[in-house]
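Contents: one structure, followed by commentary.
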2 protein chains.
Amino acid sequence: MASARRISGPCRAWPADSAFIREVLDRIGDKWTVLTIGTLGAGGPLRYSDLQASIPGISQRMLTQTLKHLERDGLITRTPYAEVPPRVEYELTDLGRSLMDAVTAMVGWAATHHSEIAGNRAASELTGVGRVRSAVSAPTG
Amino acid sequence: MASARRISGPCRAWPADSAFIREVLDRIGDKWTVLTIGTLGAGGPLRYSDLQASIPGISQRMLTQTLKHLERDGLITRTPYAEVPPRVEYELTDLGRSLMDAVTAMVGWAATHHSEIAGNRAASELTGVGRVRSAVSAPTG
DNA sequence: CTGTATCCCTGAGGATACTG
DNA sequence: CAGTATCCTCAGGGATACAG
């Protein structure tokens, strides 16, 4: 047990214990973050209310929080205009755009394979493969 | 080609309302899923206990659930051997490997930029930019 | 060894009301 | 318009015990 890692069995070539994996997931694993980045990437500078309108279902709380996180990490810029009524515009930085590219790739993968996945899932339903919980459906003796 | 990418105000060019975006996120947004796929991708066929050992911190519940989800979607195969003691091996399918590639790209992005992000975040701490909650730190007025 | 079933707690996030 | 503050729900997921 105390011996180092068992190279022969499990392979530790992957940074499963690396903190930055977690960092990525915290970023792109949040659907609002992805949707926000995608929306900004597609639409150039957008203001708060435009973002809210463009991302169906997002709450003020989540939009604000997401924007702050993204700004904090340097993925977007926040530009307030000292006029009335108040106006604030958000825009992707270069860093943000680079993430956008990676995200787009993921979305591309999803677009390509999601029907296949759906098919597999449907098939699994029939065969009972991969059933997570022991189904409420009693076998009806 | 839809040149209708012109944007005035909110842009709906992004499938922010598409269900399959959500599907992807449900998949790759889960850290255990990513770690599991990564581990399987790096180490060939692995058994249950090897996976558990290779993914620090994962609980039996989560490992089982993750594996079932992945199997159900056709991303991995589950191969039980009728011997004693019981042995079950998990392995990526081609579909799973294709997702692995996309995930690897994301991880690559993270590896490349995470120090930059960390820097931005640290800088933001100093300037107070992007503060999510109104800081406990009273301005010592 | 390979799971399954339960309990339980934390915190993500929606709804709502208020401010500058 | 552009947020902030608060309440409250509910489900993700850890710990644990049990089964084949």
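Because only heavy atoms are used, hydrogens play no part in the values below, and waters and symmetry mates are left out as well, while side chains stay in. Note that the coordinates shown come from a computational prediction; the quantities given were computed from them, not determined experimentally.
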Measure from [atom1] on [X] to [atom2] on [N] and round the result to the nearest Å.
{"X": "R61(B)", "N": "dT10(C)", "atom1": "CZ", "atom2": "P", "answer": "17 Å"}
{"X": "K31(B)", "N": "dG13(D)", "atom1": "NZ", "atom2": "C1'", "answer": "10 Å"}
{"X": "Q52(B)", "N": "dA15(D)", "atom1": "CD", "atom2": "P", "answer": "11 Å"}
{"X": "M62(A)", "N": "dT16(C)", "atom1": "CE", "atom2": "P", "answer": "16 Å"}
{"X": "E71(B)", "N": "dG3(C)", "atom1": "CD", "atom2": "C1'", "answer": "13 Å"}
{"X": "Q65(B)", "N": "dA5(C)", "atom1": "CD", "atom2": "P", "answer": "13 Å"}
{"X": "E83(B)", "N": "dC1(C)", "atom1": "CD", "atom2": "C1'", "answer": "11 Å"}
{"X": "I55(B)", "N": "dG13(D)", "atom1": "CD1", "atom2": "C1'", "answer": "15 Å"}

Below 4.0 angstrom from OP1 or OP2 of [N], is there any side-chain N or O of [X]?
{"X": "R78(B)", "N": "dG3(C)", "result": "yes"}
{"X": "K68(A)", "N": "dG3(D)", "result": "no"}
{"X": "T64(B)", "N": "dG3(C)", "result": "no"}
{"X": "R47(B)", "N": "dT2(C)", "result": "yes"}
{"X": "Y48(B)", "N": "dT4(C)", "result": "no"}

For [Y], does its backbone N or O pair with a side-chain atom of [X] as donor and acceptor, under 3.5 Å?
{"X": "R78(A)", "Y": "E89(A)", "result": "no"}
{"X": "T93(B)", "Y": "G74(B)", "result": "yes"}
{"X": "S98(A)", "Y": "L95(A)", "result": "yes"}
{"X": "T39(B)", "Y": "S54(B)", "result": "no"}

>> Can you work out whether P86(A) or S59(A) has the more 5'-proximal nearest nucleotide on DNA chain C?
In response: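 Final value for this comparison: S59(A).
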Nearest-nucleotide pick for [X], side chain only, options being [options]:
{"X": "Q60(A)", "options": "dG3(C), dC1(D), dT4(D)", "answer": "dT4(D)"}
{"X": "W32(A)", "options": "dA15(D), dG14(C), dC1(C)", "answer": "dG14(C)"}
{"X": "S49(A)", "options": "dA17(D), dT4(D), dC1(D)", "answer": "dC1(D)"}

> Under 4.0 Å between a Lys/Arg side-chain N and an Asp/Glu carboxylate O for R87(A) and E83(A)?
Replying inline: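 Yes.
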>> Taking any heavy-atom pair under 4.0 Å as a contact, classify Y81(B): base, sugar-phosphate, or nothing.
In response: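 Nothing, no nucleic acid heavy atom in range.
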